[in-house]
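Comments concern the structure below.
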There are 2 protein chains.
Amino acid sequence: MPRPAVPARTPLPRAVEEVDTRFLETLLGYNARRAALAVIDVFVQRMEPYGLKPVDFSVLSLVRHNPGITSRQLCTTLGILPPNLVGMINTLEKRELVERLPHPRDGRAMGLHLTTGGQKLMRDAEKTAAELEADFASRLTPAELRTLIGLLQKVYREP
Amino acid sequence: MPRPAVPARTPLPRAVEEVDTRFLETLLGYNARRAALAVIDVFVQRMEPYGLKPVDFSVLSLVRHNPGITSRQLCTTLGILPPNLVGMINTLEKRELVERLPHPRDGRAMGLHLTTGGQKLMRDAEKTAAELEADFASRLTPAELRTLIGLLQKVYREP
DNA sequence: TATTGTTATACTCTATAACTATA
DNA sequence: TATAGTTATAGAGTATAACAATA
């Protein structure tokens, strides 16, 4: 005896017990975003004592390793739009972490430099950031971490 | 003759020729974020013909593979807050891609299902998403892509 | 009492147009 | 004319509080 026909187009009201995420997990974008959010979550926690958000950290780190860097250079390097950088720099300047000095060759531009306080803060903050990497080596071996970072760079660097 | 003393604390106004990003590039968070943004950028372009943003795609893909999934389940799976999901679902419902049906066992909840149109759209959209993966295999070998995704999952999955 | 879905709302992040001063 | 920095502002994304209906 043939089983009763089921209307093909009417969804049966059944409940989902466990969510199947297998398809999404085949996608690089999904995995990259999830991983980025996980790492950045921890990063945010560890940087709270310094009063630095991830962007602030990136900006100050670039200023530290590139004294005299201009706003424009920061924007292109970090993918920030110039109007959105202004407020960040203002805040960091009010906290006396950076200072704007005249650019030696371009009268329109300002060179950014860390103050003494900014240098001290970033020495500690970068050490904390480096320690965070070491902590993730509990999920990943040091070799896996190196491989991962290398592959990520292959993804975002222009070919 | 001794060279003239340079005041140690006064930053010399020098220009930065090329930005040194080496420190940031040692950080997993920085690399993961850059890679995620690069992939998602391409994803956004490819999904434009379908009128889907990355979140819309994730939602519809989960509904496709989990017919009857509830809003709550979507939120916990994707890390979206319930108030922010409401508008998305409303829009997708107005486009007649999903429909809300009563949940078989919980009178408070609604089970989400793809409409016939939604099924057709997502068949194509998921195929496009899978092709995008293949395209990144020009920067990465298939083996590297598998390794990368495996390592990313190690990073964001709870230990 | 706790949870699902919802509204209202605020806050942050990101994006666009336009101005100024220098090149 | 083109560019660096800035202002003002709009839009998207993300957050919290509170409520009705149901468990």
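Only heavy atoms go into these numbers, but all of them, side chains included; no hydrogens, no water, no symmetry mates. Just so we're clear, the structure is a prediction, and the values are computed from it rather than from any experiment. Numbers restart at 1 for each chain; the letters A, B, ... are given by sequence-line order, proteins then strands.
- Checked options A:Thr26, A:Leu28, A:Leu151; the residue passing with B:Leu145 is A:Leu28 (criterion: side-chain contact (heavy atoms from CB on, under 4.5 Å)).
- Protein chain A contacts DNA chain D from D:dA2 to D:dT14, reading 5' to 3' and using non-hydrogen atoms of the protein with a distance under 4.0 Å.
- Atom CD of B:Gln153 has more than 12 neighbouring heavy atoms from other residues, nucleotides or ligands inside a 6.0 Å radius.
- Taking a 6.0 Å sphere around CD of B:Glu131, one finds it holds more than 12 heavy atoms contributed by other residues, nucleotides or ligands.
- Taking the six-membered ring for Trp and thresholds of 30 and 60 degrees, B:Phe57 and A:Phe23 have ring planes inclined between 30 and 60 degrees apart.
- Listed pair A:Lys53 / C:dT12 fails the phosphate criterion, with no side-chain N or O lying under 4.0 Å from OP1 or OP2.
- A donor atom on one side chain and an acceptor atom on the other are found under 3.5 Å apart for B:Asn90 and B:Arg100.
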Candidate pair B:Asp56 and B:Tyr50, rule side chain to side chain donor-acceptor pair (under 3.5 Å), full reasoning = CA-CA 10 Å; B:Asp56 300 320; B:Tyr50 305 102; over 6 Å; no
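- The two residues A:Pro54 and A:Ile40 have their closest heavy-atom pair at CG-CG2, 4.1 Å.
- Ionic pairing of A:Asp135 and A:Arg46 is present here: one or more N-O contacts between side-chain nitrogen and carboxylate oxygen are shorter than 4.0 angstrom.
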Atom pairs, N/O to N/O, protein against nucleotides 1-7 of chain C, distance under 3.5 Å?
residue	atom	partner	partner atom	Å
C:dT3	O4'	B:Arg108	NH1	3.3
C:dT3	O2	B:Arg108	NH1	2.7
C:dT4	OP2	B:Arg72	NE	3.0
C:dT4	OP2	B:Arg72	NH2	3.4
C:dG5	OP1	B:Ser71	N	3.4
C:dG5	OP1	B:Met110	N	3.4
C:dG5	OP2	B:Arg72	N	2.6
C:dT6	OP1	B:Arg100	NH1	2.9
C:dT6	OP2	B:Arg100	NH1	3.1

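- Nucleotide C:dT12 holds its P atom 16 Å from the CG atom of B:Leu81, rounded to whole Å.
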